[in-house]
2 protein chains.
Amino acid sequence: MGATKTDHFTDKQNAIATLTKALGHPARIAIIEYLMKIEKCICGDIVNELPLSQPTVSQHLKELKNAGLIKGNIEGNSICYCIDEKAIEKMQSYFANISSKLEKKKTDCC
Amino acid sequence: MGATKTDHFTDKQNAIATLTKALGHPARIAIIEYLMKIEKCICGDIVNELPLSQPTVSQHLKELKNAGLIKGNIEGNSICYCIDEKAIEKMQSYFANISSKLEKKKTDCC
DNA sequence: TTTTTATATTGCAATATTACAATATAGTTT
DNA sequence: AAACTATATTGTAATATTGCAATATAAAAA
């Protein structure tokens with residue numbers, strides 16, 4: 001016990017859970033918001049923006065990358081991180097779909 | 001160490017992270033999708049729908065409730081669980097906002 | 001080539017999560 | 001009241017996550 005039983009759920013459910021899980025930490029939300037805010041794509045200063053050590057930030061970036069939420073390009077000495085729009089769109093349409101289905105139901109019993 | 005440093009981030013960032021974290025498990029995604037699907041609101045059979053034991057499901061329901069994603073009403077012997085639309089709307093508008101801001105930027109460098 | 005700069009990896013301690021058996025609670029039915 | 005039903009709580013083992021110091025890697029500048 002202790003490990004998530006991913007094999008018991010559908011691929012879609014696991015896919016969404018992977019994205020939401022990756023975003024389920026304020027540091028990673030802060031990283032996404034920072035990447036969204038800045039104009040330039042050279043992101044060497046994410047570390048300076050966050051109240052966490054360099055290794056910790058690096059680890060969070062790795063998790064976001066593994067989940068497919070950001071992309072990273074080596075740019076000489078530093079690395080350019082960008083949000084992967086497709087992943088954000090997946091999130092958006094997933095919740096939009098739930099939202100519209102709930103509105104149709106209108107069985108607001110609770 | 002091991003505990004998330006929530007105090008270093010903004011309330012908004014923590015609020016979104018709380019919601020995404022709660023959805024960051026396939027069982028809880030499955031619960032939300034089941035609540036969305038069913039017509040009746042008596043949800044005693046969530047346990048039967050999921051490939052997990054009753055205590056485990058109960059625990060997942062508690063987490064969704066704590067995060068504000070679902071509401072629960074005692075209904076005689078059983079309990080009626082419903083999705084809290086407001087929470088879903090928060091998620092949707094959060095990602096819609098990121099999506100539209102990314103489209104305006106169009107610095108698709110990676 | 002040496003030094004500096006930027007990022008990643010490793011190793012580890014602290015804490016959190018996941019899952020479930022056993023048990024508790026509380027309403028329903030008999 | 002006693003038995004039954006539905007859900008929650010407790011306790012515990014297995015595993016995962018978080019955070020960082022120390023170290024590694026690799027490109028850039030000196």
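Here the structure is a predicted model, which means the values were calculated and not measured. Letters A, B, ... mirror the listed sequences (proteins, then strands); counts begin at 1.
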- In whole Å, what is the span from the CG atom of A:N73 to the P atom of D:dA27? 15 Å
- Query: Base, sugar-phosphate, or nothing: which does B:L52 touch, judged by heavy atoms less than 4.0 Å apart?
  - Reply: sugar-phosphate
- Mind checking A:E63 for me? I need base, sugar-phosphate or nothing, with any heavy atom below 4.0 Å counting as a touch. sugar-phosphate
Check whether any side-chain nitrogen or oxygen of [X] sits under 4.0 Å from OP1 or OP2 of [N], and answer yes or no.
{"X": "A:S58", "N": "C:dA8", "answer": "yes"}
{"X": "B:H60", "N": "C:dT17", "answer": "no"}
{"X": "B:Y81", "N": "D:dA6", "answer": "no"}

- Select from A:N77 and B:P55 the residue whose nearest nucleotide in DNA chain C is closer to the 5' end of that strand. A:N77
- Which pair of non-hydrogen atoms, one from B:A22 and one from B:L69, has the smallest distance, and what is that distance? CB-CD1, 3.7 Å
- Residues A:Y81 and A:L35: closest non-hydrogen pair is O-CD2, 3.4 Å
- Message: Taking the minimum atom-to-atom distance to the side chain of B:I79, which one of C:dC20, D:dT7, D:dC20 wins?
- Response: D:dT7
- When you check the side-chain N and O atoms of A:Q13 and B:E33, is any donor under 3.5 Å from an acceptor? yes
- What residues in residues 4-30 of chain B put a non-hydrogen atom under 4.0 Å from any atom of DNA chain D? B:T4, B:K5
- Query: Considering only heavy atoms and no angle criterion, is a donor-acceptor pair shorter than 3.5 Å present between the side chain of B:Q54 and the base of D:dA8?
  - Reply: yes
